[in-house]
Amino acid sequence: MSHYSDIKENISLHPFNTFHIESKARYYTAISNLAQFRELIASGILLENTMLLLGGGSNLLFTGNYKGTVVHFLNKGIEIISRSEDTILIKAAAGENWHEFVSYCVNEGFGGIENLSLIPGNVGSSPIQNIGAYGVEVKDSLHSLESIDLVSGELSTFSREECRFGYRDSIFKSELKGKKAIWSVTFELSLKPVVHIEYGAIKDELAAMGIQSPGIADVSRAVCAIRKSKLPDPKLLGNAGSFFKNPTVDHKFADKLLEAFPKMVSYPLGDEHLKLAAGWLIEQCGWKGFREGDAGVHENQALVLVNYGNAKGSDILTLAHRIQNSVYERFGVKLEMEVNVI
Ligand SMILES: Cc1cc2nc3c(=O)[nH]c(=O)nc-3n(C[C@H](O)[C@H](O)[C@H](O)COP(=O)(O)OP(=O)(O)OC[C@H]3O[C@@H](n4cnc5c(N)ncnc54)[C@H](O)[C@@H]3O)c2cc1C
């Protein structure tokens, strides 16, 4: 086993998670290039301890100190791979900030990810849960990605199909969790973009902005404005966005619920299923605006759990369990957590 020198001990993870939870990593290392990452793998440190791959820390809840090694991806770089008359292939390193990458593409006129503006986090984590917002998911424009094997250090390419994307899901959340890290992501973007403005309040926001024939920059601005008005800014109030996934149910079950709760909010998902609005279910159980100590449910968005200052991860998790229990008791629906509990 070789010696790896770029490793620090007992590092606070407070600056690295948007919930602003105090937690310490036994070992921490920041990775900025492939040679460094391969040296870390060859050292055997990752095999000796459990490991957490860290991006922007915006989809994590630390419930105690982390006893293993935190590997923080800070590799940078954006590269145009090829360009045809209609499309462009563009590759971004895992450590690039997601919104900065989206803004770069929007400014260059590369269309496809503008609806995903202002989602916190890094490019390398975007495929993990197939981030989505305003009717668009990252899988819609992801061409392929490079992953690195955490035992051999070998790079391999995954096509979109091989990533097995689903709703807030991919192969990297299940079978390949702890086995592969994402090193870079290549997107296929349009040079003749068609905007998607049917979802949510985008049309209304564009109308309020006085825009009749929107381009991708307008859509990005509209999405940013809506998000800023609806979601708490993690810089000001600790949170990790939607804490729970919207549950998927079949039509038979949904029809029964709709009989009892005619105002229930749902969206079609393929021919056989429906997605229920988890925020609506939670709100009906009276949790919106709830606060106990410094752990709470956001006052405008019941799907977002917040840390008002000094909440522990365990306080947030206890609250999450109470919410899950009450939603199950009232509706018979199991809420699954979207946030990764560590
Ligand atoms: C205010 C707010 C709003 C949000 N809105 C949305 C939204 O609209 N839609 C949406 O989908 N999400 C949303 N999120 C959730 C979050 O932004 C996304 O899940 C984002 O992709 C997380 O990126 P990250 O870099 O912060 O990941 P992290 O939190 O650092 O990590 C998330 C997971 O990915 C793993 N991981 C990180 N980097 C790598 C890597 N290089 N290789 C392999 N695994 C890795 C981690 O181990 C962890 O399991 C929101 C969060 C916040 C705080």
Side-chain angles (χ1 to χ4, degrees), residues 13 15-21 30-31 34 37 50-62 66 68-75 92-102 113 115-139 142 145-150 158 163 165-174 176-185 199-200 223-224 226-246 279 298 300-301 303-307 337-342:
L13 297 169
F16 304 138
N17 74 97
T18 60
F19 249 124
H20 307 313
I21 299 289
I31 296 293
L34 201 52
F37 196 17
T50 54
M51 137 194 50
L52 173 69
L53 308 175
L54 180 67
S58 65
N59 201 20
L60 297 173
L61 177 69
F62 291 113
Y66 190 70
T69 309
V70 170
V71 183
H72 200 180
F73 285 85
L74 300 180
N75 57 323
E96 287 288 342
N97 174 273
W98 174 257
H99 179 66
E100 283 171 21
F101 174 64
V102 173
I113 49 178
N115 291 42
L116 305 178
S117 296
L118 218 58
I119 297 183
N122 290 355
V123 166
S125 331
S126 64
I128 304 282
Q129 71 155 7
N130 179 25
I131 56 168
Y134 298 98
V136 171
E137 290 179 318
V138 90
K139 74 162 172 45
L142 185 143
L145 59 80
E146 271 180 313
S147 81
I148 183 157
D149 187 280
L150 292 167
F158 280 68
C163 294
F165 288 119
Y167 164 60
R168 297 294 179 273
D169 203 18
S170 74
I171 193 167
F172 301 98
K173 266 188 96 168
S174 50
L176 297 182
K177 194 178 164 102
K179 293 190 177 136
K180 304 268 184 193
I182 293 175
W183 188 248
S184 73
V185 186
Y199 202 94
V223 167
C224 289
I226 301 167
R227 292 184 70 97
K228 280 181 186 158
S229 73
K230 282 193 168 171
L231 290 169
D233 179 350
K235 282 194 194 112
L236 307 174
L237 185 61
N239 76 92
S242 304
F243 199 91
F244 303 99
K245 291 185 186 184
N246 286 321
H298 192 249
N300 300 328
Q301 175 51 271
L303 201 47
V304 178
L305 302 194
V306 293
N307 171 13
M337 293 183 200
E338 181 179 311
V339 169
N340 297 277
V341 176
I342 310 292

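Counting starts at 1 for both ligands and their atoms, following the listed order.
- Proximity to L60 (heavy-atom distance under 4.0 Å) selects the following atoms of ligand 1: 29 (O), 48 (C).
- Annotation for ligand 1: atoms under 4.0 Å from non-hydrogen atoms of A133 are 8 (O).
- Inclusion of G55 in the set of residues having an N or O under 3.5 Å from an N or O of ligand 1 is warranted.
- Looking at K179 and S147, their side chains never come closer than 4.5 Å, going by heavy atoms from C-beta outward.
- Scanning G132, P234, G95 for the heavy atom closest to atom 9 (N) of ligand 1 points to G132.
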- Message: Please evaluate residues M337 and F244 with respect to the criterion side-chain contact (heavy atoms from CB on, under 4.5 Å), reporting the C-alpha separation (whole Å), side-chain torsions for both, the decisive distance (0.1 Å), and the verdict.
- Response: CA-CA 4 Å; M337 293 183 200; F244 303 99; 4.1 Å; yes
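- Looking from atom 32 (C) of ligand 1 to the surrounding protein, the closest heavy atom is N340 ND2, 3.9 Å.
- The protein non-hydrogen atom at the shortest distance from atom 42 (N) of ligand 1 is I182 N, 2.8 Å.
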- Query: Is there a side-chain contact (heavy atoms from CB on, under 4.5 Å) between K177 and N340 once you walk through the steps?
  - Reply: CA-CA 12 Å; K177 194 178 164 102; N340 297 277; 4.1 Å; yes
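- You'll find the side chain of F73 stays beyond 4.5 Å of the side chain of I182, heavy atoms only.
- At the top of the distance list for atom 22 (C) of ligand 1, counting protein heavy atoms only, stands S58 OG, 3.3 Å.
- Residues F101 and V185 have side chains not in contact (no heavy-atom distance under 4.5 Å, counting atoms from C-beta outward).
- Ligand-side atoms of ligand 1 in range of L54: 30 (O), range being under 4.0 angstrom from any heavy atom.
- Taking distance alone, with nitrogen or oxygen atoms compared against 3.5 Å, T18 stays at or beyond that limit from ligand 1.
- The protein non-hydrogen atom at the shortest distance from atom 13 (C) of ligand 1 is I119 CG2, 3.8 Å.
- In L53, the parts holding a heavy atom less than 4.0 Å from any atom of ligand 1 are both the side chain and the backbone.
- Close approach of ligand 1 to G121 is summarised as follows: ligand atoms under 4.0 Å from at least one heavy atom of the residue are 23 (O), 24 (P), 25 (O), 26 (O).
- Comparing L116, N59, I128 against atom 44 (N) of ligand 1, the shortest heavy-atom distance belongs to I128.
- With hydrogens and angles disregarded, a donor-acceptor distance shorter than 3.5 Å links the side chain of T18 to the backbone of N239.
- Under a 4.0 Å criterion applied to the non-hydrogen atoms of Q129, ligand 1 contributes the atoms 10 (C), 11 (O), 12 (N), 15 (C), 18 (C), 19 (O).
- Listed by chain and residue number, H14, N307 satisfy the side chain to side chain contact (heavy atoms under 4.5 Å, CB included) test with H20 (two or more places apart in sequence, or in another chain).
- Counting heavy atoms under 4.0 Å from ligand 1, residue R168 touches it through the side chain alone.
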- Test side-chain contact (heavy atoms from CB on, under 4.5 Å) on F62 and F16 and set out the steps. CA-CA 11 Å; F62 291 113; F16 304 138; 6.0 Å; no
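- For ligand 1, the atoms lying closer than 4.0 Å to a non-hydrogen atom of G57 are 24 (P), 26 (O), 28 (P), 29 (O), 30 (O).
- Closest to atom 4 (C) of ligand 1 among all protein heavy atoms lies R227 NH2, 3.4 Å.
- If you check each of L231, N239, V138 against atom 1 (C) of ligand 1, the one with the closest non-hydrogen atom is N239.
- With a 4.5 Å cut-off on side-chain heavy atoms, N59 and S125 do not count as touching.
- Using modelled atom types, no side-chain atom of N17 and backbone atom of G57 make a donor-acceptor pair closer than 3.5 Å.
- Considering every non-hydrogen atom in both Y66 and I342, the closest pair reads CD1-CG2, 3.6 Å.
- By the 3.5 Å distance cut-off applied to N or O atoms, F73 is not counted among the residues near ligand 1.
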For residues 116-124, tabulate all N or O donor-acceptor pairs below 3.5 Å that involve a side-chain atom, not counting sequence neighbours.
{"unit_1": "S117", "atom_1": "OG", "unit_2": "E114", "atom_2": "O", "d": "2.6"}
{"unit_1": "S117", "atom_1": "OG", "unit_2": "S220", "atom_2": "OG", "d": "2.8"}

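- The distance from ligand 1 to the heavy atoms of A181 drops below 4.0 Å at these ligand atoms: 42 (N), 43 (C).
- Here the side chains of E338 and L303 are not in contact, with every heavy-atom distance at 4.5 Å or above.
- In this structure, atom 52 (C) of ligand 1 lies nearest to the protein heavy atom G241 N, 3.3 Å.
- At a heavy-atom cutoff of 4.0 Å, ligand 1 is contacted by the backbone of A240 but not by its side chain.
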- Message: Before you tell me yes or no, could you show the steps for Y134 and R227 under side-chain contact (heavy atoms from CB on, under 4.5 Å), namely the whole-Å CA-CA distance, both residues' side-chain angles and the distance that decides it to 0.1 Å?
- Response: CA-CA 10 Å; Y134 298 98; R227 292 184 70 97; 4.0 Å; yes
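- The L52 neighbourhood of ligand 1 comprises atoms 47 (O), with distances under 4.0 Å to a heavy atom of that residue.
- In terms of protein heavy atoms, atom 38 (N) of ligand 1 is closest to S125 OG, 3.5 Å.
- Using a 4.0 Å cut-off between heavy atoms, D233 makes no contact with ligand 1 at all.
- Taking atom 17 (O) of ligand 1 as the reference point, the nearest protein heavy-atom neighbour is P120 O, 2.8 Å.
- W183 and F37 have parallel rings, their planes meeting at less than 30° on a 0 to 90° scale where 60° marks the start of perpendicular.
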